[in-house]
4 protein chains.
Amino acid sequence: MPTLGQNQYGKAEVRVVRVLRDGATHHVRDLNVSVALSGAMEDVHRSGSNAAVLTTDTAKNTVFAFAREHGIASPEAFAALLARHFVASQPTIHRARIRVQEYAWDRIPTPGEGAHSFVRAGRETRTAQITHDATGDAPEWETLSGVTGLTVMNTTDSEFHGYLRDRYTTLPETRDRILATDVTAVWRHGAATPPDADPAADWDAAWASARDHVLGAFARTYSYSLQQTLFRMGSQVIENLPGVDEIRLSLPNKHHFVVDLEPFGMKNEGPDGAVYFAADRPYGLIEATVLREGAPARIPADLTNL
Amino acid sequence: MPTLGQNQYGKAEVRVVRVLRDGATHHVRDLNVSVALSGAMEDVHRSGSNAAVLTTDTAKNTVFAFAREHGIASPEAFAALLARHFVASQPTIHRARIRVQEYAWDRIPTPGEGAHSFVRAGRETRTAQITHDATGDAPEWETLSGVTGLTVMNTTDSEFHGYLRDRYTTLPETRDRILATDVTAVWRHGAATPPDADPAADWDAAWASARDHVLGAFARTYSYSLQQTLFRMGSQVIENLPGVDEIRLSLPNKHHFVVDLEPFGMKNEGPDGAVYFAADRPYGLIEATVLREGAPARIPADLTNL
Amino acid sequence: MPTLGQNQYGKAEVRVVRVLRDGATHHVRDLNVSVALSGAMEDVHRSGSNAAVLTTDTAKNTVFAFAREHGIASPEAFAALLARHFVASQPTIHRARIRVQEYAWDRIPTPGEGAHSFVRAGRETRTAQITHDATGDAPEWETLSGVTGLTVMNTTDSEFHGYLRDRYTTLPETRDRILATDVTAVWRHGAATPPDADPAADWDAAWASARDHVLGAFARTYSYSLQQTLFRMGSQVIENLPGVDEIRLSLPNKHHFVVDLEPFGMKNEGPDGAVYFAADRPYGLIEATVLREGAPARIPADLTNL
Amino acid sequence: MPTLGQNQYGKAEVRVVRVLRDGATHHVRDLNVSVALSGAMEDVHRSGSNAAVLTTDTAKNTVFAFAREHGIASPEAFAALLARHFVASQPTIHRARIRVQEYAWDRIPTPGEGAHSFVRAGRETRTAQITHDATGDAPEWETLSGVTGLTVMNTTDSEFHGYLRDRYTTLPETRDRILATDVTAVWRHGAATPPDADPAADWDAAWASARDHVLGAFARTYSYSLQQTLFRMGSQVIENLPGVDEIRLSLPNKHHFVVDLEPFGMKNEGPDGAVYFAADRPYGLIEATVLREGAPARIPADLTNL
């Protein structure tokens, strides 16, 4: 008879927007929240008995109610509140994993004192995942933060040569190329305490700092390979954010090919620049984990995004 | 025997990136160009004879070669150069419509003198369409500019009431709601001259100004309906950009519903704000053209985006 | 003062699923319905007064109620019912355009007498658009049917040569290539009567026949250009469906390039076939209208899909 | 100093189409292949030295060359050939993971003897992943097969009741509902030998059989919860495919809500059926692994798709 392995269930992609009014000045948090619960779920799989099941509809309601009751201090803190609640509230639920995607808004400047107009900012999405595990088989709390869709490009200071050659190698070496990627990164906070434990912790500032270090490392690294750039991006975060023990980056190499214009009697690359074809597929894909020395590796290689 | 009606062909979505090097300072233009040609094309449809056909591969090559030869001063000017070339170069081609989508990049600040690192900016896409018609059946030049994916939200100053009621009406009236939309707009420049005719014309500044007026009108309008907001957005562009004769806006009403928390003994809306559910589908969709008084309406109602 | 041009509003993408139970045998119609209304809407744009506005929420409710009350005989007949209702029910509404996308389901064979299990069929979407206009400025009824996402490929019987050559032409001629496209087609029924007028009309059969003729023409045409294939597809529909007066096709040329394997000492093309690279962008895009002789051209060139 | 953790690189999404000509009858395999390589890659991350790196461009070339040289017997066998090659060919490469997505084509029936016209079939994608590991730290070969995008619906024989209730529970119980989902499944073959080892193995038949058992279990299970249906789907595969030791299923609960028509004086549900609103987000998400008794669990919980 087949046996049941790892399982989880919940409500995915609850789109909750919290508007906080401070007089005429409004503040917005715009989240996409996914709840995944595990526990004593053998029966529901075998017989369909829902006696141990808190419904996904209830999970959705809880997200909205908690946003109202507790506000959304940060994706990490909000997710921790939810995870703690689900595990504490039902004896059949032993583990809760809360994922959050957050969309950023900039203010539209307006005259007068009201401040309630916004325009969606940037192309990237901030992510977070809190796992609260009461089984004793895993750390009680795990906090991941991340970013996805952060598209960057260096138009020079990138070389690529000295690689292996075999029967199928045709790529010419280059001393100057465009290096462009869409950054997806997930980093793990080392602290064993949940993100809502310390009210003084500024998760927004920590996230902004990590993002800035990723951007800065990308821009400042003179690159001989995308792997090298990736490792610098990860190292920069580890070296500058003492609370971060591990980071995994997934970087598509968005190829920009110098167009061959010689058939038209034209030279493309020159001191004034060049014209490139931005290709879609296939693309290189570089993935790696960077760790604080001695820290355990806990971000799964298959967890490419939150 | 069936007859042939309107027809056009060309290469769509040529992804061309132009890097202009000014010493250590680099400038980027990142375009997606689509070419559509019409003319003496009866034979190719009836017999398959390609004698009148400039291939779509050649159209693609021309985009790259022109980006190198002439640079990309603006989407509008670049498209005009291409349109003029296709019509002038082949007697069988009588009309060229060039569409351009442009993706914006911000600089990543770095120490030192180099400036060649970029991060993709904003979520919106700038658009343009130049049609050059030598048939005599239409204006010789038509210049459209536009934007898509500009997501905006007002968290107050929006009411909705006083509407018709019939058997199927259940919507409660509201004196305070979120108003959010993804702006897609296309505006027509009245000038009969092509965008590359006047080297002093600043198409980038004109586009930025139109975008700012759209944003500003959205933010400053106290709204009783999305139609009213749309009309203010369009009017603001017409009133402030003397070169623009017509604008068409397509605004999905991105519904944000106040979550009913009463079953949990909670009051949602209050002086401190509220929690909303951001819905996907269905959505209201409001579309209209706003015209300078006396100007002809030329943007097709079915042209929802460039 | 700016003036108001063409405008329309309504609820878009109402996802309605109708299950009809005939004992243990169930039938499903799965639609995505979009309503666009026009009429005496000057006030709502200028002052925000909604006195002439039937809300988009009511439009949504009406779609659901009509699906229950009248059933969904076909996308065309259902859309006609809705269009007639909106124009008839409110003096301020003078025109209604209803778009429908339909998703097909196949039965999953099961033992026993129940028949209520389904699997989504095919990749294509059936489309329809009914416009009911009471202004007198346009035909009172216009019926369009269509298809999108119908992906087809011929692995031979396609040549491409004899085209114009200019300075930018590099494409080699070919006597044997893959021809592949995603068919989007919209065809117009000539009848001036609405689709719900004749209960004997079988709109499902008519749609299936048009789809079959499009597929058959694609497969049976020995092609010298995609334009020729397009014209055959359109002609086949015009010639075989007496009720159809006009069809517009939009065909991306999904390029499949023969991979150059000579650098590896291999010959790619041979009597046993070849290996191709299926490219994404750019792609050729061929669009044309085919008409019954003497029929007016009414499908807008900018209406690329329903 | 930061340390390097798990890392891999390669070319993703190589779109290779193989046409095999058997006289006038053509056969097509249409794949999307992604290569991920690991090994002695410390240097390229630290210094940017590419001395140990086989470029992703070479990986792409190899995919095309192997499709020509060896043909594509099945996604599994083709991936195994590639994995074996990469690990065998370079001492610095110790592990190769090849992912394949395959798109299905049906024949368009045509008169005469030629058979070279195709239409894309179904909405689902067949998937496979072969991992060849020469490090000794993992099984030398691991073979996964799967499916994604298989959308199914039962219009009855689904109940939902007897679940936990807390402060946030409002969902009414139901004795009859629509149950619909998009199946994503990944199953692991127990054999320690690579898929290309046994020329008699029919991977296409095995995949079709697994798909049929998933469909059949969905259709035939009278369901009290989606978890129960999931477990039956997984068990059916384990019980009927002796080579499969483990399967993981990820099932979104695509909610179809009975529309409340009482405000319009209408009863929705009846013996003749009902009208439903097909919702987008949020959705329930049910994920679980089903194992052959005694088999190890090796499919990562975070590997939601191939």
Among A:Met41, A:Arg292, A:Arg167, which residue forms the greatest number of heavy-atom pairs with chain D at distances under 4.5 Å?
-> A:Arg167
Under-4.0 Å salt bridge between D:Arg220 and D:Asp157 = no
Chain D interface, residue from A:Lys60, A:Arg248, A:Glu239 that has the most non-hydrogen pairs under 4.5 Å | A:Arg248
Top of D:Val35, D:Thr92, D:Thr55 for chain A proximity - count of heavy-atom pairs under 4.5 angstrom = D:Thr55
Taking atom types as modelled and ignoring hydrogens, do the side chains of D:Thr181 and D:Asn253 form a donor-acceptor contact shorter than 3.5 angstrom?
-> no
Chain A contacts, top residue of D:Ser47, D:Ser89, D:Ser223 (heavy-atom pairs, under 4.5 Å) | D:Ser47
What part of A:Ala297 gets closer than 4.5 Å to chain D, counting heavy atoms only: side chain, backbone, both or neither?
-> neither
Measuring heavy-atom distances to chain A, does D:Leu303 have an atom under 4.5 Å in its side chain, in its backbone, in both, or in neither?
-> both
Answer with yes or no whether the side chains of A:Ser158 and A:Arg177 bring together a donor and an acceptor at under 3.5 Å.
-> yes
Is the closest basic N to carboxylate O distance between A:Arg95 and A:Glu142 below 4.0 Å?
-> no
For each of D:Glu159, D:Met1, D:Arg165, tally heavy-atom pairs with chain A at distances under 4.5 Å, and name the one with the top tally.
-> D:Met1
Before giving the answer on ring-ring contact (aromatic ring centres under 6.0 Å, His included), spell out for A:His45 and A:Tyr9 the whole-Å C-alpha distance, their side-chain angles and the decisive distance to 0.1 Å.
-> CA-CA 11 Å; A:His45 286 89; A:Tyr9 79 101; 8.5 Å; no
Would you check, one step at a time, whether the test ring-ring contact (aromatic ring centres under 6.0 Å, His included) holds for A:His85 with A:Phe66?
-> CA-CA 10 Å; A:His85 164 78; A:Phe66 269 50; 4.9 Å; yes
Is it possible for you to check whether D:Arg232 lies under 6.0 Å from the centre of the six-membered ring of D:Phe218, through NZ or CZ, and within 45° of that ring's axis?
-> no
Give a yes or no on whether the backbone of D:Leu179 and the side-chain of D:His256 come within a donor-acceptor separation of less than 3.5 Å.
-> no
Part of A:Thr221 lying under 4.5 Å from any heavy atom of chain D = neither
Among D:Thr304, D:Val44, D:Leu249, D:Leu251, who wins on heavy-atom pairs under 4.5 Å with chain A?
-> D:Val44
Heavy-atom proximity to chain A below 4.5 Å, by part of D:Glu246 | neither
Is it the side chain or the backbone of A:Tyr222 that comes within 4.5 Å of chain D heavy atoms, both, or neither?
-> neither
Who among D:Leu54, D:Val290, D:Leu37 has the most heavy-atom pairs with chain A under 4.5 Å?
-> D:Leu54
When heavy-atom pairs shorter than 4.5 Å are enumerated against chain D, which of A:Val33, A:Ile286, A:Asn32, A:Ile299 gives the highest number?
-> A:Ile286
Residue from D:Thr289, D:Leu164, D:Val53 scoring the most non-hydrogen pairs under 4.5 Å with chain A is D:Leu164
What one should report as the nearest heavy-atom pair of D:Ala12 and D:Ser34 is CA-OG, 3.5 Å
Would A:Asp133 and A:Thr135 count as having a side-chain donor-acceptor pair, cut-off 3.5 Å?
-> yes
With only heavy atoms counted, which part of D:Ala52 is less than 4.5 Å from chain A, the side chain, the backbone, both or neither?
-> backbone
Is it the backbone or the side chain of A:His161 that comes under 4.5 Å from a heavy atom of chain D, or both, or neither?
-> backbone
Salt bridge or not for A:Asp302 and D:Arg99, using N-O below 4.0 Å?
-> yes
Considering only heavy atoms and a distance below 4.5 Å, find which of A:Thr56, A:Asn7, A:Leu285 pairs most often with chain D.
-> A:Leu285
What option among A:Leu4, A:Leu226, A:Asp280 has the most heavy-atom pairs under 4.5 Å with chain D?
-> A:Leu4
What option among A:Asp166, A:Ile238, A:Val14 has the most heavy-atom pairs under 4.5 Å with chain D?
-> A:Asp166
For D:Thr125 and D:Thr148, test the side chains for any donor-to-acceptor distance below 3.5 angstrom and give the result as yes or no.
-> no
